[in-house]
Amino acid sequence: MLGFGAVRLRTDMNRLLSLLFHQGVLDEQFLQLQHFKIKRPLTSSLKSSPSTFTSPRSSFETSETYYAKNVQLEREMWDYCKLGIHLNQLMGSSSSIGAKRVRNICAAFRAAVDQNNRPACMRALEVLEHEYCYLKNKLHELFQVII
């Protein structure tokens with residue numbers, strides 16, 4: 001039986017997940033990852049909560065790397081080929097964790113890249129930065145509740 005603190009954490013997590021699904025930030029892929037909770041080896045800091053799902057976290061960290069490369073490339077130069085490659089990686093990474101809105105803006109951004117449309121790329125980059133920051137903050141909040 002779960003203690004009062006665990007019940008409250010579960011309620012907080014469910015409330016946050018519900019908000020993110022309602023807003024279209026996450027999709028069912030995130031639920032599938034959560035369902036398959038990958039257990040991490042027990043360490044002294046995790047003995048109190050050994051079953052955290054690390055796959056979304058590691059996938060998110062990978063997407064952070066792709067996002068940083070994307071922004072740097074976008075700001076420094078307009079190499080549409082490299083930009084397209086990084087967008088594909090970010091789109092795949094976002095899809096793997098169920099980051100629906102980030103994935104969708106990546107698709108729009110990719111379309112602008114394919115057309116070599118710099119103004120549309122700049123608009124897409126602004127939206128991507130906003131969506132990505134929002135996702136990052138909410139996932140960090142969620143990971144704090146889980147751990």
Side-chain angles (χ1 to χ4, degrees), residues 5-41 43 45-46 48-147:
V7 171
R8 186 167 186 205
L9 286 176
R10 168 115 10 234
T11 301
D12 290 346
M13 182 181 77
N14 288 338
R15 196 173 289 139
L16 180 55
L17 283 173
S18 178
L19 171 71
L20 295 175
F21 280 97
H22 178 71
Q23 293 175 335
V25 173
L26 298 175
D27 64 18
E28 60 280 344
Q29 177 64 24
F30 190 86
L31 287 178
Q32 289 177 4
L33 288 173
Q34 185 183 17
H35 176 73
F36 291 112
K37 294 181 182 181
I38 298 172
K39 296 196 183 241
R40 285 193 341 198
T43 64
S45 64
L46 292 176
S48 62
S49 63
S51 81
T52 58
F53 57 107
T54 59
S55 184
R57 179 180 295 220
S58 63
S59 293
F60 179 69
E61 288 167 355
T62 300
S63 70
E64 282 185 294
T65 302
Y66 294 137
Y67 174 74
K69 287 179 185 177
N70 221 16
V71 170
Q72 178 185 5
L73 185 63
E74 184 70 26
R75 298 276 189 234
E76 292 177 359
M77 64 183 149
W78 287 91
D79 184 337
Y80 288 105
C81 183
K82 284 184 182 177
L83 187 55
I85 290 167
H86 290 298
L87 276 168
N88 285 343
Q89 292 169 333
L90 180 58
M91 219 173 359
S93 173
S94 299
S95 292
S96 73
I97 64 165
K100 183 179 178 179
R101 287 193 338 202
V102 170
R103 181 193 65 230
N104 290 345
I105 192 60
C106 284
F109 199 162
R110 179 61 205 228
V113 166
D114 289 344
Q115 297 170 0
N116 294 340
N117 186 339
R118 185 179 173 122
C121 286
M122 292 303 292
R123 284 190 303 276
L125 180 61
E126 287 177 29
V127 174
L128 179 60
E129 287 175 332
H130 172 75
E131 290 297 330
Y132 192 84
C133 287
Y134 184 75
L135 172 69
K136 180 178 178 178
N137 290 335
K138 291 302 180 185
L139 286 181
H140 281 296
E141 188 179 327
L142 182 63
F143 293 148
Q144 292 303 312
V145 170
I146 293 169
I147 292 179

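Only a predicted model underlies this, so the values are computations on that prediction, with no experimental measurement involved. Sequential numbering from 1 along the given sequence is applied to the chain's residues.
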Contact summary for [X] and [Y], nearest pair of heavy atoms:
| X | Y | result |
| --- | --- | --- |
| L26 | F21 | O-CD2, 3.5 Å |
| L33 | I97 | CD1-CA, 3.6 Å |
| I105 | V102 | CG2-O, 3.2 Å |
| M91 | C106 | CG-CB, 3.6 Å |

Would you please name every residue forming a side chain to side chain contact (heavy atoms under 4.5 Å, CB included) with D114, sequence neighbours left out?
-> R110
Distance (rounded to the nearest 0.5 Å) between [X] [atom1] and [Y] [atom2]:
| X | Y | atom1 | atom2 | answer |
| --- | --- | --- | --- | --- |
| F30 | L20 | CZ | CG | 8.0 Å |
| N137 | Y132 | CG | OH | 10.5 Å |
| Q32 | Q29 | CD | CD | 5.0 Å |
| L19 | E141 | CG | CD | 8.5 Å |
| R10 | L17 | CZ | CG | 9.5 Å |
| L83 | N88 | CG | CG | 10.0 Å |

With sequence neighbours left out, what residues match E131 under side chain to side chain donor-acceptor pair (under 3.5 Å)?
-> R101
Could you tell me whether E126 and R123 have a side-chain N and a carboxylate O separated by less than 4.0 Å?
->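 No, no charged N to carboxylate O under 4.0 Å.
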All pairs passing side chain to side chain donor-acceptor pair (under 3.5 Å) where residues 12-26 contributes a residue, at least two apart = Q23-Y134
Go through the steps to decide whether Q115 and Y80 satisfy the test side chain to side chain contact (heavy atoms under 4.5 Å, CB included), and finish with yes or no.
-> CA-CA 9 Å; Q115 297 170 0; Y80 288 105; over 6 Å; no
